[in-house]
Amino acid sequence: MTMGPQIDFTGQRALVTGGASGIGEETARLLVELGASVVLADLNADELPEAVKRTGAQGSVDGDVGSNAAVARMVDGAAAILGGIDLLFNSAGIGDDLVPVHEQSPERWLRVVDVNLKGTYLMCRAAGKLMVEQKRGAIVNVSSIVGLDAFPGRSAYGVAKAGVGHLTKTLACEWGNLGIRVNAIAPAYTRTPMVKSLLDRKIFDPTLIENRTPLGRFAETGEMAYAACFLLSDWASYITGVVLPVDGGWSAYGAAGDVVKIRTGEGTSGS
Ligand SMILES: NC(=O)c1ccc[n+]([C@@H]2O[C@H](COP(=O)([O-])OP(=O)(O)OC[C@H]3O[C@@H](n4cnc5c(N)ncnc54)[C@H](O)[C@@H]3O)[C@@H](O)[C@H]2O)c1
């Protein structure tokens, strides 16, 4: 294997779900910048043409990742445009209702699980079949800090994202000896349309989140794209089955709310 001073995806064919917005769009843009040929997949058919222009993708396919038939159609369509699929980034996802379990309908709970977990499973399965045939490929799924620990009001999303982590590890074990690596990123709060709508509706207090985050700020979409492209690339050639927190230290932090005092030097000295 030869590796240059920067990641080089020349000749690699990538499918990015959720590619019309946020983390998916930014990762698609970076994949293109690093030489890959990219197809975007998204439920939002209206936004796809503009997203193709913004990212420099080769084309797009639209449909619901929670539907087996739509996934088969999207993967076949992407493979036809690209001539095959070597890389898959599964970013399509929806948020939760932010209500406790007893107030959420089972139908809505299942829909959140269907998009975030079943959608990831179906895409891995369909694109993975092509990768198994060619005995080569890399997949990065998107979990969340909400999949690592419990967040009240997000039972469907949390279960789905925890499931994405477990699915990632299982697939890494099943496909490792077939030349396919499967990893996931677990982002913390990232400035995307999904998070912006929560902030606009004052569902989150950004200051509390910043204080709870050791790096003291939200993530930018580009920081998720860097991690995803690293894991998709040969620079991560011996990494599989990992769920990488990309979270500014969120998952490392176990204290209560006193971190701000320490960070600003206002804490007392000694133990
Ligand atoms: N933004 C964050 O803070 C954050 C944190 C942790 C994890 N995540 C995860 O990152 C991923 C991307 O989130 P984002 O913030 O970029 O969101 P976003 O809303 O900006 O983008 C998500 C994209 O997925 C598409 N999509 C939604 N449902 C779909 C479906 N059923 N089929 C196909 N496409 C569908 C949407 O149309 C949209 O274009 C999601 O899986 C999300 O759960 C986000």
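By convention here, the first residue in the shown sequence is residue 1. Note that the structure is a prediction, hence the values are computed from the model and not measured. Every number for a ligand or one of its atoms is a count from 1 in the order of the listing.
In this structure, CZ in Arg29 is found 9.0 Å from SG in Cys229, a value given to the nearest 0.5 Å. Rounding to the nearest 0.5 Å places CG of Leu231 at 10.5 Å from OG1 of Thr168. For the atom pair Ile180 CD1 and Cys124 SG, the distance stands at 10.5 Å (nearest 0.5 Å). Rounding to the nearest 0.5 Å gives a distance of 11.5 Å between CG of Leu122 and OG1 of Thr17. Here Gln134 contributes atom CD and Leu130 contributes atom CG; the two are 7.0 Å apart, rounded to the nearest 0.5 Å. In this structure, the separation between OG1 on Thr190 and CD on Glu220 is 8.5 Å, given to the nearest 0.5 Å.
Looking from atom 10 (O) of ligand 1 to the surrounding protein, the closest heavy atom is Val142 CG1, 3.3 Å. Atom 6 (C) of ligand 1 has Pro187 O, 3.3 Å as its closest protein atom, hydrogens excluded (heavy atom only). For atom 3 (O) of ligand 1, the closest non-hydrogen atom on the protein side is Thr190 N, 2.7 Å. Shortest contact from atom 19 (O) of ligand 1 to any protein heavy atom: Met194 CB, 3.7 Å. In terms of protein heavy atoms, atom 15 (O) of ligand 1 is closest to Thr192 OG1, 2.5 Å. Of all protein heavy atoms, the one lying nearest to atom 43 (O) of ligand 1 is Tyr157 OH, 2.5 Å. Here the protein heavy atom with the shortest distance to atom 36 (C) of ligand 1 is Asp42 OD1, 3.4 Å. For atom 29 (C) of ligand 1, the closest heavy atom belonging to the protein is Leu43 CB, 3.8 Å.
Comparing Ser21, Gly93, Ala92, Ser91 against atom 27 (C) of ligand 1, the shortest heavy-atom distance belongs to Gly93. Summarising the contacts of atom 23 (C) of ligand 1 with Ser67, Gly66, Gly18, the nearest heavy atom is found in Gly18.
Taking the ring axis of Trp175 as reference, the NZ or CZ atom of Arg181 does not stay both within 45° of it and closer than 6.0 Å to the ring centre.
Remark: Tyr189 OH is packed, more than 12 non-hydrogen atoms of other residues, nucleotides or ligands lying under 6.0 Å away. In Arg136, the CZ atom is crowded: over 12 heavy atoms of neighbouring residues, nucleotides or ligands sit closer than 6.0 Å. Within a 6.0 Å sphere centred on CD of Gln6, heavy atoms belonging to other residues, nucleotides or ligands number 12 at most.
When non-hydrogen atoms are compared, ligand 1 lies under 4.0 Å from neither the backbone nor the side chain of Lys196. Residue-level proximity to ligand 1 for Met224 is absent, since no heavy atom of it falls below 4.0 angstrom. By the criterion of a heavy-atom distance under 4.0 Å, the side chain of Val195, and not its backbone, is placed next to ligand 1.
Remark: distances from the non-hydrogen atoms of Ala41 to ligand 1 are all 4.0 Å or more. Note on ligand 1: Ala188 sits in its first shell, one or more heavy atoms being nearer than 4.0 Å. In this structure, Asp64 is part of the shell of residues with a heavy atom less than 4.0 angstrom from ligand 1. Distances shorter than 4.0 angstrom do not occur between any heavy atom of Glu26 and any atom of ligand 1. In this structure, Met123 does not count as a contact residue of ligand 1, since none of its heavy atoms falls inside 4.0 Å of the ligand.
Residue Ile23 has at least one heavy-atom neighbour below 4.0 Å for each of these atoms of ligand 1: 10 (O), 16 (O), 44 (C). Each of the atoms 3 (O) of ligand 1 lies under 4.0 Å from some heavy atom of Tyr189. Contact atoms of ligand 1 toward Asn44: 37 (O) (distance under 4.0 Å to a heavy atom of the residue). Within the listing of ligand 1, atoms 32 (N), 33 (C) sit less than 4.0 angstrom from a heavy atom of Gly63. Near Ile94, with a cut-off below 4.0 Å to any heavy atom, the atoms of ligand 1 are 27 (C), 28 (N).
Residue Leu15 is tested with Asn90, Ile139, Ile81, Ile85 for a side-chain contact (heavy atoms from CB on, under 4.5 Å); the sole match is Ile85.
Taking the ring centroids of Tyr157 and Phe151, they lie at or beyond the 6.0 Å cut-off.
A continuous path of ILVMFWY side-chain contacts below 4.5 Å connects Ile145 to Ile94, so both sit in one hydrophobic cluster.
The shortest N or O to N or O distance between Ser144 and ligand 1 is not below 3.5 Å. Here's the thing with Val65: one of its N/O atoms is less than 3.5 angstrom from an N/O atom of ligand 1. For a threshold of 3.5 Å applied to N or O pairs, the pair formed by Ser143 and ligand 1 contains no separation below that value.
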Enumerate donor-acceptor pairs with a distance under 3.5 Å from any side-chain N or O in residues 62-71 to protein atoms, sequence neighbours excluded.
{"unit_1": "Asp64", "atom_1": "OD1", "unit_2": "Gly66", "atom_2": "N", "d": "2.7"}
{"unit_1": "Asp64", "atom_1": "OD2", "unit_2": "Arg111", "atom_2": "NH1", "d": "3.0"}
{"unit_1": "Asp64", "atom_1": "OD2", "unit_2": "Arg111", "atom_2": "NH2", "d": "3.2"}
{"unit_1": "Ser67", "atom_1": "OG", "unit_2": "Ala69", "atom_2": "N", "d": "3.4"}
{"unit_1": "Ser67", "atom_1": "OG", "unit_2": "Ala70", "atom_2": "N", "d": "3.0"}

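Annotation: ring-ring contact (aromatic ring centres under 6.0 Å, His included) contacts of Phe230 (sequence neighbours excluded): none.
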